[in-house]
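The model shown is predicted, which means the values in this text are computed figures rather than measured ones.
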Protein chains: 2
Amino acid sequence: MSPSDDPLIRRFVEEAGNTTQTLGVGRVAGQVFAYLYFSPEPRSLDDLKEGLGISKGSASMVVRQLEQWGAVQRVWIKGDRKDYYTANDYFGRMLRNVIMDVMGKRLSSLSELLDATDAQLNAQAKPVPNHAFLQSRVKRLREFQGKVQSLWGNPLVKVLMK
Amino acid sequence: MSPSDDPLIRRFVEEAGNTTQTLGVGRVAGQVFAYLYFSPEPRSLDDLKEGLGISKGSASMVVRQLEQWGAVQRVWIKGDRKDYYTANDYFGRMLRNVIMDVMGKRLSSLSELLDATDAQLNAQAKPVPNHAFLQSRVKRLREFQGKVQSLWGNPLVKVLMK
DNA sequence: AACATCGTTCAATACGTACTGAACGATATG
DNA sequence: CATATCGTTCAGTACGTATTGAACGATGTT
């Protein structure tokens, strides 16, 4: 019996799919995770394909992405060539990995941009008309960036999300 | 002089646009905010239209969205029929509003689904085969949901994001 | 009152990207 | 060795949705 046969679980699959879609992570990512999360036993790519009505290619790719985020784990079943997967329930760690993956480059990119801006503002022989204004805005951006990073590394937050 | 004439600021506009796009909020939202954020004086819809090369409809809609999130503020200039806007720099509050707006329905939807699942699991005369397993997974989900909410309302987090 | 100048709306469209599925290499099986 | 069964890849497509822009009502102007 497939987990998606249970209408209740099918609702979880649908809900998870909608959630991940609005988060910009793709619909099937949430669907596959929910499917695995409510499967007592590990599932193969073909199980995902038929249970969720997705292509095998999708199943393969999304499973690898989920594995990279630590949301899903590969398990070997002896005497079986297929790959099987189970869902982890360390939601906090999962969430951190996803956010880092999505936002990491953006944050460092902002940091570089702020540096470049500072350098250029200070290098001007004669200051641009709105020099003071621009500097104050850049400063505020830096403060915000710092707050996000400190919040991110805060022990209390880590504990709460364990 | 329009702020987007400065190549440095144009980079901020582009970067902000990319960020909001990957966050699923639309590209012009970030562009408009960055444009306003680096404008010493308030800007009109036409300024946005010409400064960013977007349609007037886009400018109108995105400005209203940003206003709803508290990212942007309307200002009146006496003797002028146009609406003018400036950017706020309370990034923390902004971020909270956006997240609440995007995730709010999803979280309460999950809560309802968990309730319904609990009710149905307990109402069964004869438990389903994997009753214990399903209950444990639902329980874990509830725990996670609780952690997110407590983190959300945590005073320290609020202070850090002020 | 006629005209001009706003902001808003919403059907049509353009656009990015998530998803598909056929082709492929790799590995097991007989 | 031939065949079957895997998982992976990637060009093509389908799909959702962000964006447009013409039409409109509202409001100010002469």
Please report the distance, rounded to the nearest Å, between [atom1] in [X] and [atom2] in [N].
{"X": "Leu66(A)", "N": "dA18(C)", "atom1": "CG", "atom2": "P", "value": "14 Å"}
{"X": "Gln65(A)", "N": "dG7(D)", "atom1": "CD", "atom2": "C1'", "value": "17 Å"}
{"X": "Ile54(A)", "N": "dT8(D)", "atom1": "CD1", "atom2": "P", "value": "13 Å"}
{"X": "Lys56(B)", "N": "dC10(C)", "atom1": "NZ", "atom2": "C1'", "value": "16 Å"}
{"X": "Lys49(B)", "N": "dG21(D)", "atom1": "NZ", "atom2": "P", "value": "8 Å"}
{"X": "Leu45(A)", "N": "dT20(C)", "atom1": "CG", "atom2": "C1'", "value": "15 Å"}
{"X": "Asp47(A)", "N": "dT5(D)", "atom1": "CG", "atom2": "P", "value": "16 Å"}
{"X": "Arg43(B)", "N": "dG7(C)", "atom1": "CZ", "atom2": "P", "value": "15 Å"}

Can you name the residues that form a salt bridge (Lys or Arg N to Asp or Glu O under 4.0 Å) with Glu112(A), not counting sequence neighbours?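 Here no residue qualifies.
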Using the closest heavy atom to pick a nucleotide of DNA chain D for each, name whichever of Val62(B) or Ser44(A) lands nearer the 5' end. Ser44(A)
Does anything in residues 74-86 of chain B reach DNA chain C, meaning a heavy atom under 4.0 Å, and if so which residues? Arg81(B), Lys82(B), Asp83(B)
Of all of residues 17-31 of chain B, which get a heavy atom below 4.0 angstrom from DNA chain C, listed by number? none
Expected list for residues 97-105 of chain A: side-chain donor-acceptor pairs under 3.5 angstrom, two or more places apart:
{"residue": "Asn97(A)", "atom": "ND2", "partner": "Trp69(A)", "partner atom": "O", "Å": "2.9"}
{"residue": "Asn97(A)", "atom": "ND2", "partner": "Arg93(A)", "partner atom": "O", "Å": "3.4"}
{"residue": "Asp101(A)", "atom": "OD2", "partner": "Trp69(A)", "partner atom": "NE1", "Å": "3.0"}

Under the ring pair (Phe, Tyr, Trp, His ring centres under 6.0 Å) rule, collect the residues that match up with Phe12(B), sequence neighbours excluded. Phe38(B)
Quick one: do [X] and [Y] make a salt bridge, cutoff under 4.0 Å?
{"X": "Glu14(B)", "Y": "Arg11(B)", "value": "no"}
{"X": "Glu67(A)", "Y": "Arg64(A)", "value": "no"}
{"X": "Asp47(B)", "Y": "Lys82(B)", "value": "no"}

Phosphate contact (dT20(C) OP1 or OP2) by Ser55(A) side-chain N/O below 4.0 Å: yes
Does dG7(D) have its OP1 or OP2 closer than 4.0 Å to a side-chain nitrogen or oxygen of Ser60(A)? no
State which residues pass side chain to side chain contact (heavy atoms under 4.5 Å, CB included) with Leu156(A); sequence neighbours excluded, sorted by chain then number.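 Side chain to side chain contact (heavy atoms under 4.5 Å, CB included) list for Leu156(A), sorted by chain: Asn154(A), Leu160(A), Asn154(B), Leu156(B).
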Lys NZ or Arg CZ of Arg137(A) over Tyr37(B) ring: under 6.0 Å, within 45°: yes
Classify the ring geometry of Phe33(A) against Phe91(A): parallel below 30°, tilted from 30° to 60°, perpendicular beyond 60°.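 Judged by the thresholds at 30° and 60°, the geometry between Phe33(A) and Phe91(A) is perpendicular.
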Picking from dC10(C), dT8(C), dT20(C), the nucleotide nearest the side-chain atoms of Met61(B) would be dC10(C)
